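Here the structure is laid out as structure tokens; the discussion comes afterwards.
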Amino acid sequence: MSKILDRSRLDHLLRDEELKFHTDHPKSYELFKRASQSMQGGVPMLWMIRWAGTFPIFVKEAKGAHFIDMDGHSYIDFCLGDSGAMTGHSPDATLAAIIEQAAKGITLMLPTEDAVWVAVELQHRFGLKYWQFTLTATDANRFAIRMARHITVRSKILVFNYCYHGSVDETFITLDEEGTPGPRHGNLGPPVDPVETTKVIEFNDIAALETALSARDVAVVLAEPVMTNIGIIHPHPGYHEALREITRSTGTLLIIDETHTLCTSPGGYTGKYGLKPDFLTCGKPLASGIPAGVYGFTQEVADAFWARLELDQSDVGGIGGTLAGNALSIAAMRATLEKVLVPAMYERCEKLADRYETGVLGVIKEFDLPWIVNRLGFRVEYWFRQTAPRNGGEANAAVDSKLDRFMHLWSLNRGILMTPFHNMALIAADTTEADVDYHSKVFRQAVQALIE
Ligand SMILES: Cc1ncc(COP(=O)(O)O)c(C=O)c1O
């Protein structure tokens, strides 16, 4: 194992993989050069410069769990648009609904009947009474936070160290090694120092939660039920009960963000484990990748909000979006919920995730690596540490960016796309056993190359 940490070997291997990547993707490189003339960094959105290659792969087409790039290479997609295509790319049922609706009108600023079907379905899945639609999970979080502040007349929110809930200004705050809060490293042009808007504590720390909420100045806690964005961090037994009890006893509202944890069950973690949040937010795969987000809330929240709402000013209150709730997104969401994100899909994906986990664990055992595999539903990831992290600070300390980059690029060069920023694989209904076994083989080769 000590040889794995031979950084010069890692540097050398990484350089080889970068060269291979460059040689194998002439058309993507050509497009990237062209793109650099009209898009900053040569990419349509800033974070796309963070892929493991020296430039992004340009995609020709995708279907199910696979895609083909402009150079003609095929890939098994374990990234699946970082959950946006958790349904598999362009599932037939959603595609048919999109085509049908697009011919009948795309956006109207008026509701369609599908919206009623979707809202009722969301009630059944998550147990919250009222639903509103957005185009992104970020907006769902932003609007739930606004509602919570408006109702409680409190200014602050509370988040967990190294959380991610989209580009919500208030959430870009972390604790340093001494436990002092400050802007997250890389926070671009914050409107104010997030310390003014936000309290941040470690996940799974009940005492810190009690202390932070005791001042009764926090409107709402925004939490993933299981942290996923600095790697998977499970709640300790009893943590969710404590979170609910302490938020209630201090008059603090609770938003559960299910955007990534929807891989737990058709009702997410909330549906499976019976959580009782005041708000629930979700986005990404809900409409198979067509922009769509939702936020739901309880009768009590609805009553309190309605009582403080000036209806004739509701379009300028900071909760909105001209295209939100558009007919196309809602039709795609209906088809996705009715025909794609259904129990049979979850069963199939879980079985494949078992196989993926077994494959990776087999290699870890064979080479006696001090690594582990962490799992939530059909989201599986490996970690370069021996124990599961208890919170974001511990998880962040275990990040080895160079090793991550190598594992990603090794995989990419052999036809496997992993989720960027961590070593996570998401399984789609169309992923096959052969895809999973191929990943185990490529993972083994990478490890072997590192320790040879
Ligand atoms: C838990 C969680 N919430 C919200 C979001 C924001 O999603 P979007 O960027 O689609 O708005 C993300 C994005 O990764 C997320 O992981």
Side-chain angles (χ1 to χ4, degrees), residues 43-48 50-51 78-87 126 132-146 148 157-174 184 186-188 198 200 203 220-235 254-264 268-270 275 277 279-296 319-321 323-326 329 332-333 336 374 376-379 381 391-392 395-396 418-426:
V43 287
M45 178 43 81
L46 189 61
W47 49 260
M48 290 191 197
R50 285 207 53 210
W51 283 102
F78 286 116
C79 168
L80 296 168
D82 195 14
S83 296
M86 188 178 96
T87 49
F126 299 113
Q132 297 280 278
F133 299 100
T134 61
L135 290 183
T136 63
T138 301
D139 271 354
N141 283 326
R142 289 179 48 234
F143 300 159
I145 289 170
R146 273 190 178 262
I157 71 161
L158 182 141
V159 296
F160 295 98
N161 200 22
Y162 287 101
C163 67
Y164 186 75
H165 296 280
S167 47
V168 179
D169 285 327
E170 295 90 336
T171 58
F172 290 96
I173 182 167
T174 46
R184 187 169 182 158
N187 188 357
L188 300 168
T198 310
V200 55
F203 196 57
V220 68
V221 173
L222 172 59
E224 283 190 283
V226 176
M227 291 185 78
T228 64
N229 281 297
I230 188 78
I232 296 167
I233 305 171
H234 285 279
L254 175 63
I255 304 170
I256 291 290
D257 179 345
E258 290 275 8
T259 305
H260 278 178
T261 46
L262 191 60
C263 64
T264 318
Y269 194 91
T270 296
L275 304 189
F279 296 88
L280 186 142
T281 55
C282 196
K284 294 202 189 184
L286 283 178
S288 305
I290 292 280
V294 297
Y295 56 109
I319 293 179
L323 302 178
N326 71 77
S329 296
M333 216 182 313
T336 305
N374 220 345
L376 178 71
F378 47 89
R379 171 182 278 263
E381 68 188 15
N391 56 49
N396 183 56
M418 302 292 290
T419 308
F421 323 135
H422 42 119
N423 300 303
M424 198 273 283
L426 202 59

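Every number for a ligand or one of its atoms is a count from 1 in the order of the listing. The structure displayed is predicted, hence computed values, not measured ones.
No donor-acceptor pair under 3.5 Å is formed between the side chain of D139 and the backbone N or O of T136. Between the side chain of E381 and the main chain of I232, a donor-acceptor pair closer than 3.5 Å is present. Counting only distance, with no hydrogens or angles, the side chain of N187 and the backbone of F172 share a donor-acceptor pair below 3.5 Å. Here the side chain of E258 pairs a donor or acceptor atom with the backbone of T270 at under 3.5 angstrom.
Contact atoms of ligand 1 toward N141: 3 (N), 4 (C) (distance under 4.0 Å to a heavy atom of the residue). Remark: ligand 1 atoms within the under-4.0 Å shell around heavy atoms of E224 are 1 (C). The contact set between ligand 1 and T136, taken as ligand atoms under 4.0 Å from a residue heavy atom, comprises 11 (O). Heavy-atom contacts of G166 reach the following atoms of ligand 1: 4 (C), 5 (C), 6 (C), 12 (C) (cutoff under 4.0 Å). Shown in contact with N229 at under 4.0 Å from a heavy atom are these atoms of ligand 1, numbered in order with element: 1 (C), 15 (C), 16 (O). Each of the following atoms of ligand 1 lies closer than 4.0 Å to a heavy atom of H260: 14 (O), 16 (O).
Atom 12 (C) of ligand 1 has K284 CE, 3.8 Å as its closest protein atom, hydrogens excluded (heavy atom only). What sits closest to atom 8 (P) of ligand 1 on the protein, heavy atoms only, is T138 OG1, 3.5 Å. Scanning the protein heavy atoms around atom 3 (N) of ligand 1, the nearest turns out to be D257 OD2, 2.6 Å. A137 CB, 3.5 Å is the protein heavy atom nearest to atom 7 (O) of ligand 1.
Listed by chain and residue number, nothing satisfies the ring pair (Phe, Tyr, Trp, His ring centres under 6.0 Å) test with F133 (two or more places apart in sequence, or in another chain).
For ligand 1, the polar-atom distance check finds no N/O of T228 at less than 3.5 Å from any of the ligand's N/O atoms.
Here the side chains of L135 and S329 are in contact, with some heavy-atom distance below 4.5 Å. V159 places none of its side-chain heavy atoms less than 4.5 Å from the side chain of E170.
Atoms CG and OG1, from D257 and T281 in turn, are 3.5 Å apart once rounded to the nearest 0.5 Å.
Residue T281 does not touch ligand 1, judged by heavy-atom distances below 4.0 Å.
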